[in-house]
Amino acid sequence: MNPSIDILIIEDEGEVLEGIRTSLQQLDPSIGHIYAIGNAEDAREMIRTLFPRIIVTDIVLPRLSGLELLDEVMQISDYEPKVVVISSYNEFSYAQRSLQLGALDYVLKPFDKAEFKQKLLKIVAMIHEEERQRFEMQHRIEHAQMGTRMLMDQYILSFCTKKTQLQEHIYHRLQLWNLTWLTTSSYHLMAFGVSGEVPESDKDMELQLFSVGNIAGETMEKFHSSYLLKNVHNRWIVITAYPDLEEMMEAIRHNVRKYQRHELHFGVSGTMFSFQALFDAYEQSNQALRWAAANRKPELYYQEMEDGLPERTTADVNERCAAALISGDRDGMVRAVRDKVESIVRLTQLIHRKQLAQNCLDWIMDIQTLVNEKSGIYLDQISLSLWERLECYESIDSVKHELCAYFQDLSDKVTSQISGTGNAIIEQAKVMIGEEFDKDITLQGIADKLAIHPVWLSHLFKKETGQTFSDYVIELRIEKARRLLRESNLKIYEIASKIGYLDLQHFGKIFKKRTGMSPKEYRYGK
């Protein structure tokens, strides 16, 4: 809203001109400059330069009449001054022509100064009221646009966060929002965020997001078929069918760096060819962004990340890591660390870099607890130096290296303690197996009686005997069966039952596999 209202008075009679000017001074605080000119030609130039809000003009002027001047003024684009015509002529035709040219009033000379002031005050009030209405209308339009934009963002984000089929009502809404290119063109999703530490206060965070979003939005105006929105994790998402992604990324990065001095990380999805693929593209872009941020890369395409990742196993990574640590299996520890760290980066919403370190430390505590449950060996608390090194990591590989080194050290401590007690435990296990081999004997049952974890018992058995637990039990049973076949008159099914096999056919298969003969052939020496 303009706080001042300038007035231009055009009158060739000096006394009248000065009288009007004097009477208008101090009339209203919102009145700004009062310009007084004696001819239409000079007034014409001033109008085109200053665009005064109110024009008071006489009809009879030298060379160019006031009505002729008004006719020109009304042709100026986007300019609608409030006009008052003053004249000595009492003919209706002059008044009619003045009103046709947009004049609000036609005042006859001589006029009462007090009445003239009131007329001007009403015009000033009219201008204020129009400005107020215009402001309110603009305010309503802006609110409506904001509401529409928020609705659009929520709607599009819902397509990104859950798989959605393209239905008729969705297509109609995309038409309304000029987003049908999502159904006709190939496209990508780009997720981006500010590198470095997150602002400490929520207010600073909101300010950073707002400023980056504003710059990105203005930058993207020249890139057709693109849409910008913010997700719930305070990351900006760009959906775009623009063919040159590098150009768009560089333009956004350049302007954010120029105006806000922030550096950005980008994660880019693969190329998508259908509306339904928004969900996959959203997941890919966010995974790529987390990977780029964790490795301090300016941008990363999802395909590049996938090419460098190993195949995932379905086994629980915590169980695998604890078992490898107890058994001293370095390769197993390396694989478990790799899978866990990459899973954290890809699937966890890491808002800032320190969160990766915290997630890794939490995982270490889980592994140490699990090792204690499996082996009964208590491990020391995590050192502060490891915490500090993880928080200052340079790349994902450096995080993996720190964890592998830490777990190797723990493994050495665990295996050294196990080696001192392993033989006694296995001797007890052998005694139990010898007493119960004719029953349904299991690794879990023996481990429960020894009050140790079955994974540890299995490792110890292999280490101390060179055999697995199950191989040891089978060998013990087959040896007993051999003696009974040669030294007793028991029937074969009775022997099978006596050594713990209720299924005669199963016993026969195992016996032949171990001895090369069936039980009957062995009994009769064939």
Side-chain angles (χ1 to χ4, degrees), residues 1-62 64-141:
M1 296 176 65
N2 192 342
S4 64
I5 299 173
D6 294 341
I7 300 176
L8 173 61
I9 306 167
I10 311 166
E11 171 60 63
D12 62 341
E13 296 181 28
E15 290 186 14
V16 177
L17 181 64
E18 190 57 35
I20 296 174
R21 181 175 183 175
T22 303
S23 66
L24 295 181
Q25 289 177 344
Q26 307 300 321
L27 182 64
D28 186 283
S30 64
I31 294 178
H33 294 92
I34 300 175
Y35 302 99
I37 294 181
N39 63 83
E41 289 85 349
D42 292 340
R44 174 198 287 156
E45 297 303 319
M46 181 170 284
I47 288 170
R48 292 184 177 277
T49 304
L50 301 176
F51 300 100
R53 308 288 292 280
I54 299 174
I55 298 175
V56 179
T57 182
D58 194 359
I59 290 180
V60 180
L61 296 169
L64 185 68
S65 74
L67 295 181
E68 290 173 326
L69 175 63
L70 285 183
D71 193 22
E72 292 184 13
V73 168
M74 294 308 166
Q75 306 305 315
I76 301 175
S77 178
D78 299 323
Y79 179 50
E80 297 180 358
K82 307 301 182 186
V83 178
V84 176
V85 175
I86 56 176
S87 176
S88 302
Y89 297 104
N90 195 16
E91 287 90 345
F92 174 72
S93 60
Y94 284 106
Q96 184 183 41
R97 182 57 180 157
S98 298
L99 296 175
Q100 288 174 345
L101 292 172
L104 294 177
D105 209 341
Y106 187 85
V107 181
L108 288 172
K109 297 178 184 178
F111 50 79
D112 183 77
K113 290 183 179 180
E115 290 182 5
F116 188 75
K117 286 182 181 180
Q118 288 303 312
K119 290 179 183 292
L120 267 296
L121 284 173
K122 287 182 180 180
I123 292 175
V124 169
M126 180 188 298
I127 293 173
H128 287 319
E129 177 62 19
E130 288 176 352
E131 287 180 339
R132 185 190 66 78
Q133 292 181 5
R134 190 179 300 112
F135 176 79
E136 287 187 358
M137 181 58 69
Q138 182 63 32
H139 194 58
R140 290 174 186 172
I141 291 172

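The structure presented is a predicted model; accordingly, all values stated were derived computationally and were not measured.
- Listed by first then second residue, pairs satisfying salt bridge (Lys or Arg N to Asp or Glu O under 4.0 Å) with a partner in residues 85-108 read Asp105-Lys119, not counting sequence neighbours.
- Ion pairing between a basic and an acidic side chain is recognised when a charged N comes within 4.0 Å of a carboxylate O; Glu131 and Arg134 show no such pairing.
- Proximity of Met137 to Gln133: side-chain heavy atoms (C-beta onward) are nowhere separated by under 4.5 Å.
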**Request:** Any chance you could lay out the side-chain contact (heavy atoms from CB on, under 4.5 Å) test for Leu64 and Asn39, step after step, and finish with the verdict?
**Result:** CA-CA 8 Å; Leu64 185 68; Asn39 63 83; over 6 Å; no

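- Distance check: Lys122 NZ to Ile127 CD1 gives 15.0 Å after rounding to the nearest 0.5 Å.
- In this view, Glu80 satisfies the salt bridge (Lys or Arg N to Asp or Glu O under 4.0 Å) rule with no residue, not counting sequence neighbours.
- With respect to the salt-bridge test (charged N to carboxylate O, under 4.0 angstrom), the residues Lys109 and Glu11 qualify.
- When all heavy atoms of His33 and Asp6 are compared, the closest pair comes out as N-OD1, 2.9 Å.
- Here the straight-line distance linking atom CD of Glu68 with atom OG1 of Thr57 works out to 11.0 Å at 0.5 Å rounding.
- By the 30° and 60° cut-offs, the orientation of the rings of Phe51 relative to Tyr79 is perpendicular.
- Ile54 pairs in a side-chain contact (heavy atoms from CB on, under 4.5 Å) with only one of the listed residues (Leu104, Ile31, Leu120), which is Leu120.
- For the pair Leu108 and Tyr89, the tightest heavy-atom approach, listed with the atom from each and the gap, is CD2-O, 3.0 Å.
- Note that CG of Leu101 is 11.0 Å distant from CD of Glu72, once rounded to the nearest 0.5 Å.
- Atom CD1 of Ile59 is separated from atom CG of Leu67 by 4.5 Å, given to the nearest 0.5 angstrom.
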**Prompt:** Given the rule in the side-chain contact (heavy atoms from CB on, under 4.5 Å) test, do Tyr35 and Asp42 qualify, once you have shown the distances and angles that lead to the verdict?
**Reply:** CA-CA 11 Å; Tyr35 302 99; Asp42 292 340; over 6 Å; no

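- In this structure the side chain of Ser98 never reaches within 4.5 angstrom of the side chain of Val83, judged on heavy atoms.
- Ile55 places a side-chain heavy atom less than 4.5 Å from the side chain of Ile10.
- The line from NZ of Lys113 to CZ of Phe116 is 11.0 Å long, rounded to the nearest 0.5 Å.
- The two residues Leu8 and Pro52 make their nearest non-hydrogen contact at CB-CG, 3.8 Å.
- For the atom pair CD1 (Ile37) and CD1 (Ile47), the distance works out to 8.0 Å, reported to the nearest 0.5 Å.
- Here the shortest heavy-atom pairing between Val84 and Val107 reads CG1-CG2, 3.8 Å.
- Looking at every heavy atom in both residues, Ser87 comes nearest to Asp58 through CA-OD1, 3.8 Å.
- Heavy atoms only, all atoms of each residue included: Ser30 and Val124 are closest at OG-CG1, 3.6 Å.
- Contact check for Arg53 versus Ile123: no side-chain heavy atoms found under the 4.5 Å cut-off.
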**Request:** Would you please test Glu41 and Glu45 for side-chain contact (heavy atoms from CB on, under 4.5 Å) and show each step?
**Result:** CA-CA 7 Å; Glu41 289 85 349; Glu45 297 303 319; over 6 Å; no

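- The closest side-chain heavy-atom distance from Arg44 to Arg48 is below 4.5 Å.
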